[in-house]
Amino acid sequence: MPELRPEAAATLRPLIATVAAAPAESVFVAPPADRAAEINGLNWEELRRSVAACRACGLCAERRQAVLGVGDVFADWLFIGEGPGAEEDARGEPFVGSAGKLLDAMLAAIDLRRGENVYIANAVKCRPPGNRTPEAGEMATCAPYLRRQIALIQPRVIVLLGRAAALSVLGESGSLASLRGQPLAYAGPESAGSAIPVVVTYHPAYLLRTLPDKAKAWEDLCRARSLMRATKASAVQQT
Ligand code: URA
């Protein structure tokens, strides 16, 4: 091992020892430089296989299975959460636990149903241990998969559920309160056309704990529905 300056050694030696002692599969594997470009060329089936086999970050160590997403791959609506929880990890589908039931009710409130013109995905595809919030590095490693999903689906409106999704998709680390109601848009590197309008709202798991904020989520959903109508109307005008 190269000699370390004393001040660096104090910080680095414990880290080096931790990494050396960790089981191989829990150590972060640096993605190859062209990983994002490779993922960007995948079709749905290839994407599914790639996500199922992914070992690009430490989350793979404790997952039962990776959870790609669920729904209509031609959907106008894309809802993005944080990451699978225990039930999602067991069943291989996003939002199937109690937060999922609330998400279904939120969809129904604006006349939507899971799987019908709606796709549901997460910022990370593997369950963070103990259902913790995914770390920024884990979301960054998983982001090429999410970006590819967005590029393949080409939704008209994206609804981000919670701060983790906002950070992953928009790179916005502000408070949820500061992001709600803002005119936000996603313009991924792959999006050849115009940017996709984005609405940030509360995560259903948060709403289960904080019932008074349900009214604010309802406002956000109504805003998303108006944006959808406007996007469709402008598409009709352009034809
Ligand atoms: N919470 C999420 O963010 N995603 C899920 O799939 C389930 C719970």
Side-chain angles (χ1 to χ4, degrees), residues 47-48 51-52 54 57-60 62-73 75 77-109 112-116 118-150 153 155 157-176 179-180 184 186 198-211 213-214 216-217 220-221 224:
L47 188 63
R48 200 171 302 283
V51 166
C54 182
C57 84
L59 292 184
C60 65
E62 292 187 43
R63 71 174 179 221
R64 284 206 214 173
Q65 58 190 314
V67 181
L68 175 64
V70 69
D72 177 356
V73 294
W77 291 91
L78 173 60
F79 287 76
I80 302 175
E82 195 173 290
E87 288 188 65
E88 290 77 17
D89 178 61
R91 287 176 47 187
E93 181 173 333
F95 283 101
V96 289
S98 48
K101 290 201 176 69
L102 179 55
L103 178 59
D104 287 342
M106 290 163 73
L107 295 177
L112 295 174
R113 275 164 64 93
R114 179 184 290 247
E116 290 178 15
V118 173
Y119 192 93
I120 303 171
N122 277 312
V124 295
K125 311 305 184 204
C126 300
R127 180 191 179 203
N131 294 350
R132 65 164 168 75
T133 303
E135 290 165 6
E138 293 160 348
M139 289 196 285
T141 305
C142 218
Y145 286 135
L146 183 58
R147 285 204 291 268
R148 186 61 188 146
Q149 286 177 292
I150 298 174
I153 298 167
V157 172
I158 299 176
V159 179
L160 301 179
L161 304 164
R163 281 187 72 202
L167 181 60
S168 168
V169 174
L170 301 172
E172 294 280 359
S173 57
S175 67
L176 202 103
L179 296 172
R180 285 188 57 244
L184 301 164
Y186 170 82
V198 171
V199 170
V200 177
T201 192
Y202 293 105
H203 191 284
Y206 166 84
L207 292 173
L208 287 173
R209 300 188 302 268
T210 322
L211 294 181
D213 279 343
K214 272 192 179 175
K216 293 184 192 161
D220 299 334
L221 291 175

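Numbering of ligands and ligand atoms starts at 1, following listing order. Counting from 1, the numbers follow the sequence of the chain as shown.
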Please tabulate, line by line, the atom pairs linking an N/O of ligand 1 to a protein N/O at a distance below 3.5 Å, with the distance in Å to 0.1, or answer 'none'.
unit_1	atom_1	unit_2	atom_2	d
ligand 1	1 (N)	His203	NE2	3.3
ligand 1	3 (O)	Glu82	N	2.7
ligand 1	3 (O)	Gly83	N	3.3
ligand 1	3 (O)	Asn122	OD1	3.4
ligand 1	3 (O)	His203	NE2	2.7
ligand 1	4 (N)	Gly83	O	3.1
ligand 1	4 (N)	Asn122	OD1	2.8
ligand 1	4 (N)	Asn122	ND2	3.4
ligand 1	6 (O)	Phe95	N	2.9
ligand 1	6 (O)	Asn122	ND2	2.9

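- Among residue pairs with one or both ends in residues 157-168, none qualify as salt bridge (Lys or Arg N to Asp or Glu O under 4.0 Å); sequence neighbours excluded.
- The ring pair (Phe, Tyr, Trp, His ring centres under 6.0 Å) test applied to Tyr145 returns no partner, not counting sequence neighbours.
- Closest of all the heavy-atom pairs between Ile150 and Pro155 is O-CD, 3.5 Å.
- Of all the heavy atoms in Gly115 and Asp72, the pair that sits closest is O-CB, 3.5 Å.
- When the side chain to side chain donor-acceptor pair (under 3.5 Å) test is applied to Ser175, the partners found at least two apart in sequence or on another chain are Ser178.
- At least one side-chain heavy atom of Phe79 sits under 4.5 Å from a side-chain heavy atom of Leu112.
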